[in-house]
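Just so you know, these numbers come straight off a predicted model, no measurement behind them. All residue numbers refer to positions in the sequence shown, counting from 1.
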Amino acid sequence: MIVKALRVGLGQLIVFGDWISRPAKRKRDAAAQAQVEQQAKSLALYQFHACPFCVKTRRTLHRLNVPVALRDAKNDEVHRQALLEGGGRVKVPCLRIEEAGQVTWMYESKAIIAYLDKRFA
């Protein structure tokens, strides 16, 4: 019970730290931002709210100004089941990428961040 309380408390500290130190959003002209938003419709991030690796990934999304659908795999059983069935395991963060009718499930925050930087930077 103490360990769980500690984990929850630390998670909330991580989220608060992210909130107060969030990087500025990337500025684009309206046409470029509209293109980014269109491309982002094919992406979804399965995450836990207080997971440090998920926070790191969400910070990158914020910095790049990419509006990706966030799916709570911890508290939403539908999203948790979709992650398990599609990706094969409940591990976060996981980026679901749909391109040309193919779906790819990308795990590991470093890989996701590298992909996002390459695609949207």
Side-chain angles (χ1 to χ4, degrees):
M1 187 162 119
I2 293 173
V3 173
K4 183 176 181 179
L6 227 115
R7 191 172 59 230
V8 169
L10 285 174
Q12 293 308 312
L13 275 174
I14 290 168
V15 170
F16 179 72
D18 169 48
W19 180 73
I20 63 171
S21 68
R22 186 162 286 172
K25 286 185 176 183
R26 178 182 206 108
K27 304 238 186 279
R28 297 184 184 87
D29 62 54
Q33 185 61 33
Q35 185 177 6
V36 166
E37 290 171 7
Q38 183 62 34
Q39 290 177 17
K41 288 181 181 179
S42 66
L43 304 175
L45 181 67
Y46 288 80
Q47 47 102 34
F48 296 168
H49 181 68
C51 163
F53 299 105
C54 297
V55 169
K56 181 178 167 183
T57 305
R58 288 194 311 264
R59 287 176 65 85
T60 299
L61 289 170
H62 182 82
R63 177 179 50 83
L64 294 173
N65 199 6
V66 180
V68 170
L70 299 178
R71 307 229 169 117
D72 185 353
K74 184 174 186 177
N75 299 313
D76 187 324
E77 191 57 41
V78 172
H79 293 318
R80 184 181 190 87
Q81 193 60 33
L83 178 59
L84 180 60
E85 290 174 7
R89 56 191 167 156
V90 178
K91 181 181 175 192
V92 294
C94 181
L95 185 66
R96 182 184 185 274
I97 307 164
E98 190 172 343
E99 292 177 315
Q102 296 287 93
V103 176
T104 304
W105 297 82
M106 182 180 293
Y107 290 94
E108 300 300 328
S109 59
K110 284 184 181 180
I112 294 169
I113 290 168
Y115 170 81
L116 293 169
D117 280 332
K118 183 178 176 185
R119 184 166 177 186
F120 296 106

Is it true that Val15 and Val92 fall in one hydrophobic cluster, defined by side-chain heavy atoms closer than 4.5 Å? no

Can you check whether Arg96's main-chain N or O pairs, donor with acceptor, with Trp105's side chain at less than 3.5 Å? no

Side-chain donor-acceptor contact under 3.5 Å, Glu85 with Gln81: yes

So do the side chains of Tyr46 and Val90 get within less than 4.5 Å of each other, counting heavy atoms only? no

Phe120: which of Arg28, Arg63, Arg26 passes side-chain contact (heavy atoms from CB on, under 4.5 Å): Arg28

Around atom CD1 of Ile2, are there more than 12 heavy atoms from other residues, nucleotides or ligands closer than 6.0 Å? no

Just wondering, are more than 12 heavy atoms of other shown residues or ligands nearer than 6.0 Å to CD in Glu99? yes

Residue pair Gln33 / Lys27, side-chain heavy-atom distance below 4.5 Å: no

Which pairs, with at least one residue in residues 48-72 and sequence neighbours excluded, count as a ring pair (Phe, Tyr, Trp, His ring centres under 6.0 Å)? none

Indicate yes or no: at least one non-hydrogen side-chain atom of Ser21 is less than 4.5 angstrom from one of Arg59. yes

Let me check something: do Leu95 and Val66 share a hydrophobic cluster, defined by ILVMFWY side-chain heavy atoms less than 4.5 Å apart, either directly or through other members? yes

Derivation and outcome, salt bridge (charged side-chain N to carboxylate O under 4.0 Å, His left out), residues Glu108 and Lys91: CA-CA 9 Å; Glu108 300 300 328; Lys91 181 181 175 192; 2.3 Å; yes

CZ of Arg71 to CG of Leu83, rounded to nearest 0.5 Å, is 10.5 Å

Pairwise ring pair (Phe, Tyr, Trp, His ring centres under 6.0 Å) hits with a residue in residues 69-94, at least two apart: none

Decide whether Gln47 and Asp72 meet the rule of one side-chain donor and one side-chain acceptor closer than 3.5 Å. no

Interatomic spacing from CD1 in Ile14 to CD in Gln12 - rounded to 0.5 Å: 9.5 Å

Atom pair CG (Leu70) and CG (Asp76), whose distance is rounded to the nearest 0.5 Å: 12.5 Å

pair Thr57-Leu45: side-chain heavy atoms closer than 4.5 Å: yes

On the ring face of Tyr107, is Arg89 found with NZ or CZ under 6.0 Å from the centre and within 45° of the axis? yes

